[in-house]
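Just so you know, these numbers use all the heavy atoms, side chains as well, and skip hydrogens, waters and symmetry mates. Worth saying up front: this structure is predicted, and the values here are computed from it rather than measured.
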Amino acid sequence: MIFFSFLAIVVFVSPYFLLGENAHMRVHDNLDSNIVWYKVLIRSGELFGSVDAVVPQIINGLPRNAFGTEFSLIVWLHALFPSIYAYGLSQTITRVFAFIGMYLLLKKHFIQAPEWAWIRVGVALAFALTPFWPSGMLSTLGMPLALWAFLNIRAGERSWVNYLVLTLLPFYSSLVLGFFFFLSAMGMVWLVDVVRGKGWNVRFLLAIVYMTAIYLAVEYRLMHSLLFSEEPTSRDEYFHARLPLWWVIRLTFKNYVLGHNHVMTVHAFVILPVTLFALFVVWKKKLWKQERLFLFLHILNFALSTWYAFWFYKGWLPLTERFDLLDKFNFARYHFLRPIVIYVLFAFSLKILWREGEVWRRIANILIVAQLLILASFNEEIIFRKKPSFKEFYAEKQFREIKEYIGLPVETYRVASIGIHPAIAQYNGFYTLDTYNNFYPLTYKHQFRKIIEHELEKNEKLKEYFDEWGGRCYIFVDELGKHYMFKKNSKKEIQNLRLNTDAFYEMGGRYIFSALPIKNAEENQLKLEKIFHSKESAWKIHLYKATP
């Protein structure tokens with residue numbers, strides 16, 4: 001069964017290797033950002049740059065620290081392989097170790113009996129096929145492996161393999177995108193053990209400290225930015241606490257049922273009904289004492305959704321105004337613990353059904369297969385088949401023609417995009433005034449805002465989106481709203497654009513790549529130079545030159 005599980009993973013990731021750049025994958029927080037960040041960083045020559053270094057290709061000098069650590073394996077995959085194959089290898093590595101981790105965790109600590117082998121393998125495979133956020137790597141999918149190692153150490157096991165796991169995971173996961181919350185949860189487990197009189201278990205505590213120390217060393221750039229950088233960043237104007245109570249309650253149940261885009265568990269159709277039915281069985285048969293961990297996981301699962309939703313409650317506002325760390329650091333991400341909670345809960349639920357007799361055992365097997373089929377349908381090649389492929393999105397041939405038409409060294413001028421993500425221009429080597437990054441200098445945000453100030457005044461939602469977050473430092477257009485992918489078959493036209501072209505020009509801006517025709521271009525001191533078409537591209541690019 002384990003062999004066929006690995007075979008299933010190979011089949012699941014095969015489109016990246018068989019189709020190459022014709023493969024499809026998610027755009028949001030992937031093609032529009034992370035993949036380009038790796039490429040820009042590697043091409044910049046600043047991979048090992050100092051904590052004060054900048055990457056000139058982005059926003060006239062984006063801090064090197066905004067690209068993260070050079071000690072992450074995913075960065076080296078992109079340094080050693082073409083982007084599409086680096087992406088495929090990362091998917092493979094993550095899913096293989098997600099399976100291994102969940103299987104070992106269930107077999108050693110939760111679902112141990114030989115007759116439950118199919119539950120262990122089936123749940124582990126399902127967990128490994130979840131549509132995780134690609135650049136998160138093992139930030140959430142590595143938690144079962146880490147928990148297996150920690151529980152072994154907690155039980156007194158001294159195997160070197162446990163410490164090898166704790167040593168290597170920080171090099172293929174993120175502290176802020178998963179393991180800060182996991183390690184703090186481990187700290188809570190240790191503290192509860194102490195309070196319950198189980199002793200201080202120094203070895204367990206030191207293991208938690210050890211893994212935390214490795215993360216701090218690996219992510220030293222993040223630590224430097226948080227603790228030592230005095231320059232205000234765009235994160236200083238991020239405000240999350242704004243939702244009324246009724247909206248927060250609705251968000252709680254939405255997250256509980258549907259999950260979150262960055263930690264998709266696809267549990268609503270099979271897992272949630274199964275876990276609730278198993279809870280009914282426990283209640284009906286009064287198995288409270290025997291299934292205390294099962295009940296705790298149910299409570300924890302809902303509590304994590306509640307915490308996530310209430311993090312955005314406007315009642316937090318007085319605290320966030322006083323302690324800016326509450327805005328800079330997203331503590332709502334404790335809900336990133338939910339994938340491991342949900343799938344261990346799924347395993348427990350199947351075990352409870354299994355004990356109900358032969359008919360329920362068959363049903364349990366069918367439920368595992370059903371969940372696997374649902375997850376298979378979430379394969380990126382299937383679910384994003386109507387989105388641009390990797391090749392169509394980055395459109396290298398088309399943008400090479402644009403570069404040749406302009407005929408100047410790319411470092412001598414700056415560009416911005418309308419109707420397409422600036423990541424496309426960045427991937428193709430252009431120096432951009434616009435970008436999508438986690439943080440960048442606040443002074444630049446205010447400077448860039450002058451370009452789009454009139455468009456923001458037309459649209460309150462765009463104004464709030466930019467002013468109170470600003471991670472997407474884009475040329476926002478009132479008529480387009482928060483839409484950044486107008487393909488070449490779009491019939492839409494921009495009628496009433498109002499940009500501050502003087503501000504654009506002063507920042508070095510010379511060209512705008514627009515996916516749509518700008519009907520009042522002359523009013524904005526923009527001259528249409530040429531329209532670029534390509535069969536290999538998803539876009540029709542209107543090249544406008546700024547002429548203030």
Ring centroids only, cut at 6.0 angstrom: are [X] and [Y] within range, meaning strictly under it?
{"X": "Phe6", "Y": "Phe99", "answer": "yes"}
{"X": "His24", "Y": "Phe384", "answer": "no"}
{"X": "Tyr474", "Y": "Tyr484", "answer": "yes"}
{"X": "Phe399", "Y": "Phe513", "answer": "yes"}
{"X": "Tyr544", "Y": "Tyr511", "answer": "no"}
{"X": "Tyr16", "Y": "Tyr87", "answer": "yes"}
{"X": "Tyr405", "Y": "Phe532", "answer": "yes"}

Is the shortest distance from a Lys or Arg side-chain nitrogen in [X] or [Y] to a carboxylate oxygen in the other one below 4.0 Å?
{"X": "Arg449", "Y": "Asp467", "answer": "yes"}
{"X": "Lys458", "Y": "Glu455", "answer": "yes"}
{"X": "Arg221", "Y": "Glu70", "answer": "yes"}
{"X": "Lys445", "Y": "Glu237", "answer": "yes"}
{"X": "Arg498", "Y": "Asp478", "answer": "no"}

Between [X] (side chain) and [Y] (backbone), is there a donor-acceptor pair under 3.5 Å?
{"X": "Ser72", "Y": "Thr69", "answer": "no"}
{"X": "Asn437", "Y": "Phe439", "answer": "no"}
{"X": "Ser90", "Y": "Ala86", "answer": "no"}
{"X": "Ser389", "Y": "Glu392", "answer": "yes"}
{"X": "Asn459", "Y": "Leu462", "answer": "yes"}
{"X": "Gln91", "Y": "Gly88", "answer": "no"}
{"X": "Arg64", "Y": "Leu47", "answer": "yes"}
{"X": "Trp311", "Y": "Arg333", "answer": "no"}
{"X": "Trp307", "Y": "Tyr334", "answer": "no"}
{"X": "Asn30", "Y": "Pro134", "answer": "no"}

Could you check whether Ser537 and Gln398, counting side-chain N and O atoms only, form a donor-acceptor pair closer than 3.5 Å? yes
Under 3.5 Å, is there a donor on one side chain and an acceptor on the other for Ser234 and Tyr444? no
Should the ring pair [X] and [Y] be called parallel, tilted or perpendicular, given that the plane angle runs from 0 to 90° and is split at 30 and 60?
{"X": "His421", "Y": "Phe393", "result": "tilted"}
{"X": "Phe71", "Y": "Tyr220", "result": "tilted"}
{"X": "His260", "Y": "Phe336", "result": "tilted"}
{"X": "Tyr436", "Y": "Trp37", "result": "perpendicular"}

Would Asp52 and Ser50 count as a side-chain hydrogen bond (donor to acceptor under 3.5 Å, both in side chains) if you check the C-alpha gap in whole Å, the side-chain angles of each, and the deciding distance to 0.1 Å? CA-CA 5 Å; Asp52 299 315; Ser50 73; 4.9 Å; no
Given side-chain hydrogen bond (donor to acceptor under 3.5 Å, both in side chains), test Glu493 with Gln495 step by step and report yes or no. CA-CA 6 Å; Glu493 299 176 338; Gln495 301 289 342; 3.3 Å; yes
Given Trp539, Tyr427, Phe430, the one that forms ring pair (Phe, Tyr, Trp, His ring centres under 6.0 Å) with Tyr394: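 When Trp539, Tyr427, Phe430 are each tested with Tyr394, the ring pair (Phe, Tyr, Trp, His ring centres under 6.0 Å) holds only for Tyr427.
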Just checking Phe48: does its CZ atom have more than 12 heavy atoms from other residues, nucleotides or ligands closer to it than 6.0 angstrom? yes
Taking the cut-offs as 6.0 angstrom to the six-membered ring centre and 45 degrees off its axis, would you call Lys482 and Phe476 a cation-pi pair?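 Relative to the ring axis of Phe476, which defines the angle, Lys482 lies outside at least one limit.
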